[in-house]
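Reading through the structure tokens given below for one structure.
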Amino acid sequence: MNKLTVRDVDVSGKRVLVRVDFNVPLDERTGAITDDSRIWAALPTIRYLIDRGARVILASHLGRPDGKVDEKLRMTAVAQRLSQILGQRVEATRDCIGAETERSVAALKNGDVILLENLRFHSAEEENDPLFAQELAKLADIFVDDAFGTAHRSHASIVGVAKLLPAVAGLLMEEELKMLGGILDNPTHPFAALLGGAKISDKVAMVENIMGKVDSILVGGGMAATFLKAGNLEVGLSLVEEEMLETATDLMEKATRGGVRLLLPDDVLVAKEISAEATCQVVPVGEIPSDMRVVDIGPQTIQSFSKELRGCRTIFWNGPMGIYEISKFAEGTLALARLLAESQAATVIGGGSTAEVVSDMGLTDKMTFVSTGGGASLQFLSGKTLPGVDALLDKDSPDVSGM
Ligand code: 3PG
Ligand code: MG
């Protein structure tokens, strides 16, 4: 990575604003954090700063409150969780900017940690408003961006602040770029991409970019229906992205021309409706009933995908194989997650729902790397520059020793 990191600057006694991605999933009913992986992932940077006597000012968004205060999306629960994990007090401020926040920051001692209130309570955050960026920047001496998961957003706390303070990457940001960059730059072959999830449209750019690097692409999940339809099969009530049919055909042709094996399901689990009570059955892909929809890959497909993956030395996985939230429709996703966990291959997991599945199954430690970025990892693997990375100082920047 050609960006400066937190290791390249002197943070001792400095006020360090750290953009983290603490956008953690919350239980709709109780508001409890259902997966704290993103908090754990930021710990190396936070501990690094505490150990060196920095005054640590953490900032994040949580959910999509659209520029208004939403009591359910306050950072209080996140601050509590972080405080438990760190074993030290983490104050949550009532706002991310303003006089009261400035007073809390001024009261920090070396090694203290504070968590600013949800950045997205201000619409100025997503608008990348320069005045809002200034308000944030004046809280600190140095800016550390550790929010890989939000690096695809050009928001004030990401690109705006980076223009106003010396801006370097955090340790998680560095690790994400190294691990995801590694599968693009020099993957050990054979290299397979296992793709699922609802839509192709989210993933076309990424698939096109990795087409020249992978040996095989395995497609399951909702998006398989669009590929099957593009291959002239009937898919019943399955969600098909009609406007993507040509793209799917095009990708299949590109794979053939490039010598990439593109595997689609041989059989699928179909159901009358998406509910735990629905009648369901396994059928070959050529026999999907007109009144049913695809909800998972079938047992034969699990076998053929497993066989392909067992021969690989690098596997990238993004997107569940079916509607895994309903346990009857989760078998394909669970079986392949277990296979990856046991595999000797380098296994790299795209973030978002795929990371949640792996974490729910307690398999995170069994994977080589689980990204904290959903959209961000897709954008990175599309070969596009992430605004949040672009905004950071380059390694060959003029002297930063005094920072
Ligand atoms: C994510 O969870 O993908 C990131 O935190 C970004 O959130 P957003 O999609 O609401 O911008
Ligand atoms: Mg998202």
| Does the side chain of M179 come within less than 4.5 Å of S371's, by heavy atoms? | no
| Nearest heavy atoms of I85 and R47, plus distance in Å | O-NH2, 3.4 Å
| message | Is it the case that the side chains of R19 and S157 hold a donor-acceptor pair, with the cut-off being a distance below 3.5 Å and no angle test? | response | yes
| Which distance, rounded to the nearest 0.5 Å, do you find between the CG of D266 and the CD1 of I302? | 11.5 Å
| task | Just do the side-chain contact (heavy atoms from CB on, under 4.5 Å) check on V219 and I217 with the steps written out, would you? | result | CA-CA 6 Å; V219 180; I217 298 178; 4.0 Å; yes
| said: Nearest 0.5 Å, please: how far is CD1 in I33 from CZ in R81? | reply: 7.0 Å
| query | Parallel, tilted or perpendicular: which fits the ring planes of F148 and F380, with parallel below 30° and perpendicular above 60°? | reply | perpendicular
| Residue pair C96 / F132, side-chain heavy-atom distance below 4.5 Å | yes
| query | Just by distance, do the side chain of S238 and the backbone of V294 share a donor-acceptor pair under 3.5 Å? | reply | yes
| query | Is a side-chain N or O of K203 found less than 3.5 angstrom from the main chain of M223, in a donor-acceptor match? | reply | no
| message | Under 3.5 Å, is there a donor on one side chain and an acceptor on the other for S104 and E91? | response | yes
| query | Can D95 and H122 be counted as having a side-chain donor-acceptor contact under 3.5 angstrom? | reply | yes
| message | Quick check for you: to the nearest 0.5 Å, what is the distance between L82 atom CG and Q80 atom CD? | response | 11.0 Å
| Atom CZ in F305, atom CE in M321: separation rounded to 0.5 Å? | 6.5 Å
| R38 side chain to N23 backbone, donor-acceptor under 3.5 Å | yes
| query | Are more than 12 heavy atoms from other residues, nucleotides or ligands located less than 6.0 Å from atom CD of E234? | reply | no
| task | Answer with yes or no whether the side chains of N209 and S382 bring together a donor and an acceptor at under 3.5 Å. | result | no
| said: Among L108, L58, L49, which residue satisfies the side-chain contact (heavy atoms from CB on, under 4.5 Å) criterion with V113? | reply: L58
| In terms of side-chain geometry, is the basic nitrogen of D394 or K3 positioned less than 4.0 Å from the acidic oxygen of its partner? | yes
| field | D35-S37 side chain donor-acceptor pair, cut-off 3.5 Å | value | yes
| Under 4.5 Å between any side-chain heavy atoms of V16 and V144, yes or no? | yes
| query | Is a side-chain N or O of D390 found less than 3.5 angstrom from the main chain of T385, in a donor-acceptor match? | reply | no
| said: Tell me if the NZ atom of K395 is crowded by more than 12 foreign heavy atoms within 6.0 Å. | reply: yes
| message | If the threshold is 4.0 Å, N to carboxylate O, is there a salt bridge linking R94 and E100? | response | no
| said: Other residues, nucleotides and ligands only: do more than 12 of their heavy atoms fall within 6.0 Å of CD on E246? | reply: no
| message | Side chains of N110 and R55 only: does a donor on one sit below 3.5 Å from an acceptor on the other? | response | yes
| note | In terms of heavy-atom contacts, A346 and T368 come closest through CA-OG1, 3.3 Å
| query | Judged by modelled atom types alone, do Q88 and S83 share a side-chain donor-acceptor pair under 3.5 Å? | reply | no
| task | Taking all non-hydrogen atoms of both residues into account, name the closest pair between S343 and A345 and its distance. | result | OG-N, 2.9 Å
| Got a donor-acceptor contact below 3.5 angstrom from the S123 side chain to the G67 backbone? | no
| task | Could you tell me which non-hydrogen atom of I297 sits nearest to which non-hydrogen atom of P265, and how far apart they are? | result | CG2-CG, 4.1 Å
| field | Under 3.5 Å: donor-acceptor pair, side chain of E102, backbone of L139 | value | no
| Any donor-acceptor pair under 3.5 Å linking the side chain of W317 with the backbone of G319? | yes
| said: For N128 and S154, which I'm curious about, is there any donor-acceptor pair between the side chains at under 3.5 Å? | reply: no
| query | Is there a donor-acceptor contact under 3.5 Å from the side chain of T188 to the main chain of R313? | reply | no
| Can you tell if the side chain of P289 reaches within under 4.5 Å of the side chain of V270, non-hydrogen atoms only? | yes
| query | Which distance, rounded to the nearest 0.5 Å, do you find between the CD of E175 and the CG of D146? | reply | 10.5 Å
| query | Does some side-chain heavy atom of L165 sit less than 4.5 Å from a side-chain heavy atom of D141? | reply | no
| Is D291 salt-bridged to K272, going by a charged N under 4.0 Å from an acidic O? | yes
| query | Can L194 and L309 be said to form a side-chain contact (heavy atoms from CB on, under 4.5 Å), step by step? | reply | CA-CA 9 Å; L194 171 64; L309 294 171; 4.1 Å; yes
| request: List the steps, then state whether side-chain contact (heavy atoms from CB on, under 4.5 Å) holds for R293 with I274. | output: CA-CA 8 Å; R293 64 188 82 224; I274 302 173; 3.7 Å; yes
| field | Considering all heavy atoms, the nearest V78-F22 contact | value | CG1-CD1, 3.5 Å
| task | Answer whether the closest heavy-atom distance between the side chains of Y324 and I326 falls below 4.5 Å. | result | no
| query | For R74 and E117, what are the C-alpha separation, side-chain angles and deciding distance, and is it a salt bridge (charged side-chain N to carboxylate O under 4.0 Å, His left out)? | reply | CA-CA 6 Å; R74 286 203 178 273; E117 185 52 282; 2.7 Å; yes
| request: Give a yes-or-no answer on whether the side chains of T5 and E174 include a donor-acceptor pair shorter than 3.5 Å. | output: no
| said: Using a 3.5 Å distance criterion without hydrogens, assess whether the side chain of D267 forms a donor-acceptor pair with backbone atoms of Q300. | reply: yes
| Taking atom types as modelled, is there a side-chain donor on S216 or E308 under 3.5 Å from an acceptor on the other? | yes
| task | Establish, from distance only, whether the side-chain atoms of E241 and T226 form a donor-acceptor pair under 3.5 Å. | result | no
| field | Backbone N/O of I315 and side chain of T347: donor-acceptor pair under 3.5 Å | value | no
| Side-chain ion pair, E273 and K328, N-O less than 4.0 Å | no
| query | What's the verdict on side-chain contact (heavy atoms from CB on, under 4.5 Å) for I183 and L381, showing C-alpha distance, side-chain angles and the deciding distance? | reply | CA-CA 9 Å; I183 63 170; L381 294 173; 4.1 Å; yes
| task | Report yes if some heavy atom in the side chain of V90 is under 4.5 Å from a heavy atom in the side chain of D112; otherwise report no. | result | no
| said: Quick check for you: to the nearest 0.5 Å, what is the distance between L116 atom CG and H61 atom NE2? | reply: 14.5 Å
| query | Any side-chain heavy atom of L171 within less than 4.5 Å of one from R7? | reply | yes
| Are K229 and E242 ion-paired here, with the side-chain N under 4.0 Å from a carboxylate O? | yes
| said: To check you understand the geometry: which heavy-atom pair defines the closest contact between I57 and A140, and what is its length? | reply: CD1-CB, 4.3 Å
